[in-house]
Amino acid sequence: QELFRLSGRNTVERRPSLSPDHALLAWGGYEDGSVQVWSTASGKMIYTLNGHTGTVLQTHFSADGHQLATASMDGTVRLWNAVDGTPLATLSGHEGGVWAIGYSGDGSRLASAGMDGRLILWDAADGSLLKTMEIGTSEWQVNSVQFTTDNRAVLVASGCIYPLNCRAGGAGDLRRIDLESGQMTTLIAEGVLDLSLSADQSAFGGMITGSMKSGQISPGEVQVLREYRSPFGKGSILGAAISPDGSLFFSGNSFGIHVWDTASGQMVALAQNLSQNGSYGSMQMTADGCILLVAGDDGVIYLWGVFSQ
């Protein structure tokens, strides 16, 4: 069921973020470097974050919801108090813009992937630089940075759906980077636009070179078990997310949000989009499995409630 819809989002910011308690929605994408934070309860903007001098490409709340991080084309990451928007720290270390950011599970560290092909680890408490690593992604669009459950490695997903408009013709992959040794393992040798993991990180759902797939993931290997197409229209769908228990896969198109059972591969639900305006874009599932956050290519943000059966 659709719970929330907000039009007018700048589509440059591909992945808006929702606070862990579902109360706050944040996104950037504006040329002036600003970030807007809205209340999902009232549907009103609470505050604007100003300080970046370039477009913010990604926002991310810490696991406890107390902090908000923003990654910008100006080459910096900024930390903010998520309650009132007070600036906490400016993190400088990248040469060029910052594609993506992600907090460790315990909230102590933040990882950022830049256009310079570097991964930087930061202390989330004071913003100090902990470690810089060359990860070989300087020619690729990095879409997400996620810590593993043990916080010893990160998964970096890169790629682009429109090759003519992207670096390196849209090339990319999914790689696991050991934060202690620096060892890199390629898990998927194709561009990965959306990567969603189950709570224990044993299952994945992803948008891989334009196709929607799910399967099993381990530190050294990915096994694709299912591929999904819509029974409506031409079969194309956009965006990918998997439920925390790995049992459901979500994607969508102008006909609505599609839901599949990952075990059987059968479509089990369709939340219809009666207006059929635009198409659905990047998708994220909340840790409790209750909310699906969709950033549509039409500039609309949707929150869908997912009810247990």
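Reckoned from all heavy atoms, side chains included, excluding hydrogens, waters and symmetry mates. Predicted, not measured: the structure shown is a model, and the values here were computed from it.
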> With sequence neighbours excluded, tell me which residues meet salt bridge (Lys or Arg N to Asp or Glu O under 4.0 Å) with R175.
D173
> CZ/R109 to CG/N151 distance, rounded to the nearest 0.5 angstrom?
6.0 Å
> Of all the heavy-atom pairs spanning A63 and G105, show the shortest one and how long it is.
CB-O, 3.9 Å
> State, to 0.1 Å, how close K44 and W38 come at their nearest heavy-atom pair, and which atoms those are.
C-CE3, 3.3 Å
> Can you get from L174 to M184 by hopping between Ile, Leu, Val, Met, Phe, Trp and Tyr side chains that sit under 4.5 Å apart?
no
> Looking at side-chain heavy atoms only, is the closest gap between D288 and H22 below 4.5 Å?
yes
> What distance do I242 atom CD1 and M212 atom CE have between them, rounded to the nearest 0.5 Å?
14.0 Å
> For the side chain of S19 and the backbone of A23, is there at least one donor-acceptor N/O pair under 3.5 Å apart?
yes
> Going through the checks in order, is the side-chain contact (heavy atoms from CB on, under 4.5 Å) test met by T149 and D200?
CA-CA 7 Å; T149 52; D200 62 3; 5.8 Å; no
> In Å, rounded to the nearest 0.5 Å, how long is the span from CE of M45 to OG of S39?
12.0 Å
> Decide side-chain contact (heavy atoms from CB on, under 4.5 Å) for V56 and S72; before the verdict, give the C-alpha distance in whole Å, the side-chain angles of both, and the deciding distance to 0.1 Å.
CA-CA 4 Å; V56 169; S72 171; 4.2 Å; yes
> Counting only heavy atoms from other residues, nucleotides and ligands, does the tally under 6.0 Å from CD of E134 exceed 12?
yes
> In terms of side-chain heavy atoms, does T59 have a donor or acceptor partner in S17 at a distance below 3.5 Å?
yes
> Counting only N and O atoms by type, is there a donor-acceptor contact under 3.5 Å from the side chain of S230 to the main-chain atoms of I237?
no
> State, with a plain yes or no, whether a side-chain heavy atom of W122 is found less than 4.5 Å away from one of L129.
yes
> To check you understand the geometry: which heavy-atom pair defines the closest contact between S112 and H94, and what is its length?
OG-NE2, 2.7 Å
> Transitively linked via ILVMFWY side-chain contacts under 4.5 Å: V35 with L110?
no
> Could you state the interatomic distance from CG (L25) to CD1 (I301), rounded to the nearest 0.5 Å?
4.5 Å
> Is there a side-chain contact between E221 and Q216 in this structure, where contact means two heavy atoms from C-beta onward sitting under 4.5 Å apart?
no
> Can you list the steps and then say if W27 with L18 is a side-chain contact (heavy atoms from CB on, under 4.5 Å)?
CA-CA 9 Å; W27 72 89; L18 188 65; over 6 Å; no
> So, does H258 use its side chain to make a donor-acceptor pair with the main chain of G256 at under 3.5 Å?
yes
> Evaluate side-chain contact (heavy atoms from CB on, under 4.5 Å) for Q36 paired with L6, printing each intermediate quantity in order.
CA-CA 12 Å; Q36 295 186 12; L6 185 64; over 6 Å; no
> State, yes or no, whether a side-chain contact exists between L24 and L68 at a heavy-atom distance under 4.5 Å.
no
> Are the side chain of Q201 and the backbone of F147 linked by a donor-acceptor contact shorter than 3.5 Å?
yes
> Considering only heavy atoms from C-beta outward, does the side chain of L179 approach that of V154 to under 4.5 Å?
yes
> What heavy-atom pair brings A71 and V98 nearest, and what distance separates the two atoms?
CB-CG1, 3.7 Å
> Just grab all the salt bridge (charged side-chain N to carboxylate O under 4.0 Å, His left out) pairs involving residues 234-245, residues at least two apart or on different chains.
none
> If Ile, Leu, Val, Met, Phe, Trp and Tyr residues are connected whenever their side-chain heavy atoms lie under 4.5 Å apart, and connections chain through other members, are I101 and L79 in the same group?
yes
> Look only at the side chain of S198 and the backbone of G246, and say whether a donor-acceptor pair between them is shorter than 3.5 Å.
no
> Please answer whether the main-chain N or O of N143 pairs with a side-chain N or O of Q58 as donor and acceptor at a distance below 3.5 Å.
yes
> If the condition is side chain to side chain contact (heavy atoms under 4.5 Å, CB included), which residues does R152 pass it with, not counting sequence neighbours?
D150
> Can you list everything that forms a side chain to side chain contact (heavy atoms under 4.5 Å, CB included) with S62? Sequence neighbours excluded, please.
D64, Q67, Y103
> Work out which heavy atom in H52 is nearest to a heavy atom in W80; give both atom names and the distance.
CD2-CZ2, 4.4 Å
> For the atom pair OG1 (T55) and OH (Y30), what is the distance rounded to the nearest 0.5 Å?
11.0 Å
> State, with a plain yes or no, whether a side-chain heavy atom of T262 is found less than 4.5 Å away from one of L225.
no
> Checking E190 now: which residues fulfil side chain to side chain contact (heavy atoms under 4.5 Å, CB included) with it, not counting sequence neighbours?
I188, I208, T209, K213
> Give a yes or no answer on whether the side chain of D74 reaches the backbone of T53 with a donor-acceptor pair at less than 3.5 Å.
yes
> Does one hydrophobic cluster hold both V156 and L121, with members joined at side-chain heavy-atom distances below 4.5 Å?
yes
> Measuring from S196:OG to M207:CE, what's the distance to the nearest 0.5 Å?
14.0 Å
> Decide whether L49 and L88 are clustered together by the hydrophobic rule: side chain heavy atoms of Ile, Leu, Val, Met, Phe, Trp, Tyr closer than 4.5 Å, transitively.
no
> Kindly give the heavy-atom pair with the smallest separation between M285 and F250, and that separation in Å.
SD-CE1, 3.7 Å
> If you define the side chain from C-beta out and look only at heavy atoms, does anything of I120 sit under 4.5 Å from L91?
no
> How are the rings of Y228 and F249 set to each other: parallel, tilted or perpendicular (split at 30° and 60°)?
parallel
> Between I257 and Y302, is any pair of side-chain heavy atoms under 4.5 Å apart?
no
> My understanding is that only residues two or more places apart in sequence, or in another chain, count here; which of them pass salt bridge (Lys or Arg N to Asp or Glu O under 4.0 Å) with E95?
R118
> Under a 3.5 Å distance rule, please check whether W99 uses its side chain to pair with a backbone N or O of W140 as donor and acceptor.
yes
